[in-house]
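Following: one structure in structure tokens, then a few remarks.
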Amino acid sequence: MFKHLLVPVDGSDVSKKALKEVAKLANADKAAVTLAYVSDPLPPMVYSDSTMGYGVSQKDHQKVCAAYAEDVFKNAAKALGPGIKAKSLHVSNTNLSAGILDAAKKAKADVIVMASHKRTGIKGILLGSETHEVIVHATLPVLVLG
């Protein structure tokens with residue numbers, strides 16, 4: 001049915017669980033898989049593990065983001081299993097949903113397969129959902145795994 005799946009990953013448990021379903025889909029359709037990680041290009045004022053409260057340069061921030069993305073991709077590839085050779089794509093964007101859509105375009109995917117974090121209550125009302133944003137603005141199908 002689909003030839004190229006774009007799968008946004010973030011290292012969360014929800015994302016990891018969804019990868020088992022992605023593997024089934026990819027195997028069933030013999031589809032290519034591209035894993036996408038979106039990082040914020042702007043460095044934070046202070047990293048949370050800093051006890052000294054030092055600022056972070058743009059260059060250092062990019063290195064940290066790239067290293068974290070590689071770790072996320074490595075773990076996601078393990079979760080997909082040895083039968084799937086996934087490509088990886090690290091995108092920088094201040095808007096997560098826009099970054100996912102940009103990654104889908106760059107990868108030339110024909111479907112976005114993503115997990116939903118299912119915000120509920122007041123968080124769901126105030127913050128909305130990145131998954132919802134992707135669905136609303138996508139020009140290709142979006143398959144949401146719960």
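Residues: numbered from 1 along the sequence shown.
If you chain together hydrophobic residues whose side chains sit under 4.5 Å apart, V72 and V7 fall into the same group. Under a hydrophobic-cluster definition in which Ile, Leu, Val, Met, Phe, Trp and Tyr are linked whenever side-chain heavy atoms come within less than 4.5 Å, directly or via other members, M114 and L101 are assigned to the same cluster. Residues L145 and I84 share a hydrophobic cluster, clusters being chains of Ile/Leu/Val/Met/Phe/Trp/Tyr side chains in contact below 4.5 Å. Taking hydrophobic clusters as Ile, Leu, Val, Met, Phe, Trp and Tyr residues chained together by side-chain heavy-atom distances below 4.5 Å, V38 shares a cluster with I112. No single ILVMFWY cluster, assembled from side-chain heavy atoms under 4.5 Å apart, contains both V144 and F2.
Residues K3 and D110 share a closest heavy-atom pair of N-OD2, 2.9 Å. The minimum heavy-atom distance linking L140 with A104 is given by the pair CD2-CB, 4.4 Å. Taking each heavy atom of H90 and S39 in turn, the nearest pair found is NE2-OG, 2.7 Å. Across all their heavy atoms, V91 and A103 have their closest contact at CG2-CB, 3.7 Å. Counting all heavy atoms, side chain and backbone alike, H4 lies closest to A107 at CE1-O, 2.9 Å. Of all non-hydrogen atoms in L35 and A76, the two that sit nearest each other are CD1-CB, 3.7 Å.
Rounding to the nearest 0.5 Å places CG of L19 at 9.5 Å from NZ of K16. Atom NE2 of H61 sits about 7.0 Å away from atom OG of S92, to the nearest 0.5 Å. Between atom NZ of residue K20 and atom CG of residue L80 there is a gap of 11.5 Å, rounded to the nearest 0.5 Å. With rounding to the nearest 0.5 angstrom, the NZ atom of K63 is 7.5 Å from the OG atom of S57. To the nearest 0.5 Å, the span separating CG on L42 from CD on Q58 amounts to 6.5 Å. Between L96 atom CG and E133 atom CD the span is 10.0 Å, to the nearest 0.5 Å.
Contact annotation: the side chain of V111 never approaches that of V142 to less than 4.5 Å [non-hydrogen atoms, C-beta and beyond].
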V9 and N75: CA distance, side-chain angles, deciding distance, side-chain contact (heavy atoms from CB on, under 4.5 Å) verdict: CA-CA 10 Å; V9 291; N75 291 330; over 6 Å; no
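K78 meets the salt bridge (charged side-chain N to carboxylate O under 4.0 Å, His left out) test with no other residue; sequence neighbours excluded. Not counting sequence neighbours, the partners of K106 by the salt bridge (charged side-chain N to carboxylate O under 4.0 Å, His left out) test are D102.
Considering V113, T34, V33 as possible partners of L6, the one that fulfils the side-chain contact (heavy atoms from CB on, under 4.5 Å) test is T34.
Remark: the backbone N or O of T94 is not paired with any side-chain donor or acceptor of D40 at under 3.5 angstrom. Put simply, the side chain of N95 gets close to the backbone of A98: a donor and an acceptor are under 3.5 Å apart.
Note on ring orientation: taking the six-membered ring where Trp is involved, the planes of F73 and Y37 are perpendicular (angle over 60°, cut-offs 30° and 60°).
Under 3.5 Å, the side chains of H137 and S97 contain no donor-acceptor pair of N or O atoms.
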